[in-house]
Undergrad: 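Can you read through this structure? Questions will come right after.
Basis for what follows: all heavy atoms, side chains included, without hydrogens, waters or symmetry-related copies. Below, read A as the first sequence line, B as the second, and so on, with proteins coming before strands; counting in each chain starts at 1.
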Number of protein chains: 2
Amino acid sequence: MPEANQFFRRLKQHGYKITPQRQAILQCLLDNPGHHSAEEIHQIIKTHYPHISLDTVYRNLHTMVALGLVIALNFADGRNRYELATEEHHHHLICLSCGQSEQIDFCPLSYMADTISRERNFTICKHSFEIYGYCHNCRQNQK
Amino acid sequence: MPEANQFFRRLKQHGYKITPQRQAILQCLLDNPGHHSAEEIHQIIKTHYPHISLDTVYRNLHTMVALGLVIALNFADGRNRYELATEEHHHHLICLSCGQSEQIDFCPLSYMADTISRERNFTICKHSFEIYGYCHNCRQNQK
DNA sequence: GTAGGTGCAAACAATTTGCACAGTA
DNA sequence: TACTGTGCAAATTGTTTGCACCTAC
């Protein structure tokens with residue numbers, strides 16, 4: 001696992017042990033680009049590592065977010081999604097019918113961040129920009 | 001309640017009855033501009049209408065969102081916020097420490113909506129754009 | 001060997017639902 | 001009167017936590 005090593009190194013640097021569970025979670029995120037819920041990640045890992053518990057997935061995603069290895073997204077369905085922090089920064093078009101999402105490369109914050117920090121005296125940590133609606137396929141099927 | 005009548009009319013048009021609970025919820029949103037969680041709305045109403053149940057608040061907010069009278073916002077803390085659909089469209093700066101929010105009048109979608117609908121073949125229903133960080137006060141206090 | 005990590009089960013918080021009764025139209 | 005709406009309690013969903021055992025280092 002070539003790419004994975006940089007993540008293991010960063011875990012170690014912060015005093016975290018490299019357990020098989022942590023390896024599996026990172027490998028899963030590397031192998032499956034895009035955002036996934038904790039439940040999805042758990043299901044994917046279980047196919048080749050049946051004994052991992054959902055709690056462990058949550059716990060480790062949480063620490064990986066805290067270390068900046070992983071980014072957490074909150075979508076409108078009340079379920080968090082996670083993706084590797086290395087992925088290009090982007091936002092999403094999310095279909096309310098099939099749940100599929102496409103990327104939007106444009107980020108409004110890139111134009112606003114400086115102005116907001118300065119004029120509003122606000123330290124920006126993270127942001128969300130997601131667009132919900134119906135994709136081409138689902139619109140067709142509903143007619 | 002002058003302003004409230006237009007909402008009652010729209011409920012009636014769709015075959016919904018005007019119950020005191022529904023009146024109280026709408027009045028609460030009219031009297032308290034901005035977004036509030038279901039729990040907050042329930043607490044506010046209980047001060048002068050002690051017998052309303054939280055379930056009823058949820059149920060009615062849900063139908064009001066479906067009718068377009070109310071808008072639901074999902075913030076990062078996993079609790080939905082609701083505001084009247086008549087309020088000026090805006091987004092938020094949300095402090096991760098004190099939870100207070102300020103409005104941002106700028107909406108990135110106003111510049112992108114047409115392009116996305118056309119180029120991505122996507123029917124836009126709603127969107128989120130919220131910026132999280134630390135407000136001036138909280139940054140001061142943490143030092 | 002030892003501290004941190006895991007799995008299990010139980011706890012939690014936000015929200016939804018089934019059901020019998022109550023209240024609007 | 002008829003049927004929608006309500007309150008209560010219980011169920012559900014996503015996530016967190018306490019605890020005893022396990023394992024990476």
Undergrad: Looking at A:E39 and A:R79, is any side-chain nitrogen of the basic one under 4.0 Å from a carboxylate oxygen of the acidic one?
TA: no
Undergrad: Under 4.0 Å, heavy atoms only, any strand: does A:Q21 hit a base, just the sugar-phosphate, or nothing?
TA: sugar-phosphate
Undergrad: So which nucleotide from D:dT6, D:dG5, C:dC8 ends up closest to the side chain of A:R59?
TA: C:dC8
Undergrad: Please tell me whether A:H92 and A:F75 form a close aromatic pair, meaning their ring centres lie under 6.0 Å apart.
TA: yes
Undergrad: For the side chain of A:Y58, starting at C-beta, report the closest nucleotide among C:dG5, D:dA9, D:dT16.
TA: D:dT16
Undergrad: Could you tell me whether the side chains of B:T56 and B:H42 share a donor-acceptor contact shorter than 3.5 Å?
TA: no
Undergrad: Starting from the 5' end of DNA chain C, give me the residue, B:S37 or B:K17, whose nearest nucleotide shows up first.
TA: B:S37
Undergrad: The side chain of B:H62 is closest to which nucleotide in this list: D:dC25, C:dT16, D:dC8?
TA: C:dT16
Undergrad: Calculate the interatomic distance between B:L61 atom CG and C:dA14 atom C1'; express it in whole Å.
TA: 13 Å
Undergrad: Using OP1 and OP2 only, check whether a side-chain N or O of B:T19 sits under 4.0 Å from D:dT6.
TA: yes
Undergrad: Between P on C:dT24 and CD1 on B:I18, what's the gap in Å once rounded to a whole number?
TA: 11 Å
Undergrad: Counting just side-chain N and O atoms, does B:T56 come under 4.0 Å of either OP1 or OP2 of D:dG7?
TA: yes
Undergrad: Counting the benzene-type ring for Trp, do B:H127 and B:H91 have ring centres under 6.0 Å apart?
TA: yes
Undergrad: What is the distance, rounded to the nearest whole Å, between atom CG of A:L11 and atom P of C:dG4?
TA: 15 Å
Undergrad: Taking for each residue the nucleotide of DNA chain C with the nearest heavy atom, is it A:P20 or B:N80 whose nucleotide lies nearer the 5' end?
TA: A:P20
Undergrad: In whole angstrom, what separates B:R22's CZ from C:dG23's P?
TA: 15 Å
Undergrad: For A:I52 and C:dC8, give me the distance from atom CD1 to atom C1', rounded to whole Å.
TA: 14 Å
Undergrad: Side chain of A:R79 only, please: which of C:dC8, D:dT15, C:dT15 is the nearest?
TA: D:dT15
Undergrad: OP1, OP2 of C:dC8 versus side-chain N and O of A:S53: anything below 4.0 Å?
TA: no
Undergrad: Group every Ile, Leu, Val, Met, Phe, Trp and Tyr by side-chain heavy-atom contacts under 4.5 Å, then state whether B:L84 and B:V65 land in the same group.
TA: yes
Undergrad: Grab the CD-P distance between B:Q23 and C:dG23 for me, whole Å please.
TA: 15 Å
Undergrad: Nearest whole angstrom, please: distance from the C1' of C:dA25 to the CZ of B:F8.
TA: 16 Å
Undergrad: Once you round it to whole Å, what is the distance between P of D:dG14 and CG of A:D55?
TA: 14 Å
Undergrad: Between B:L54 and A:Y16, which residue's closest nucleotide on DNA chain D lies nearer the 5′ terminus?
TA: B:L54
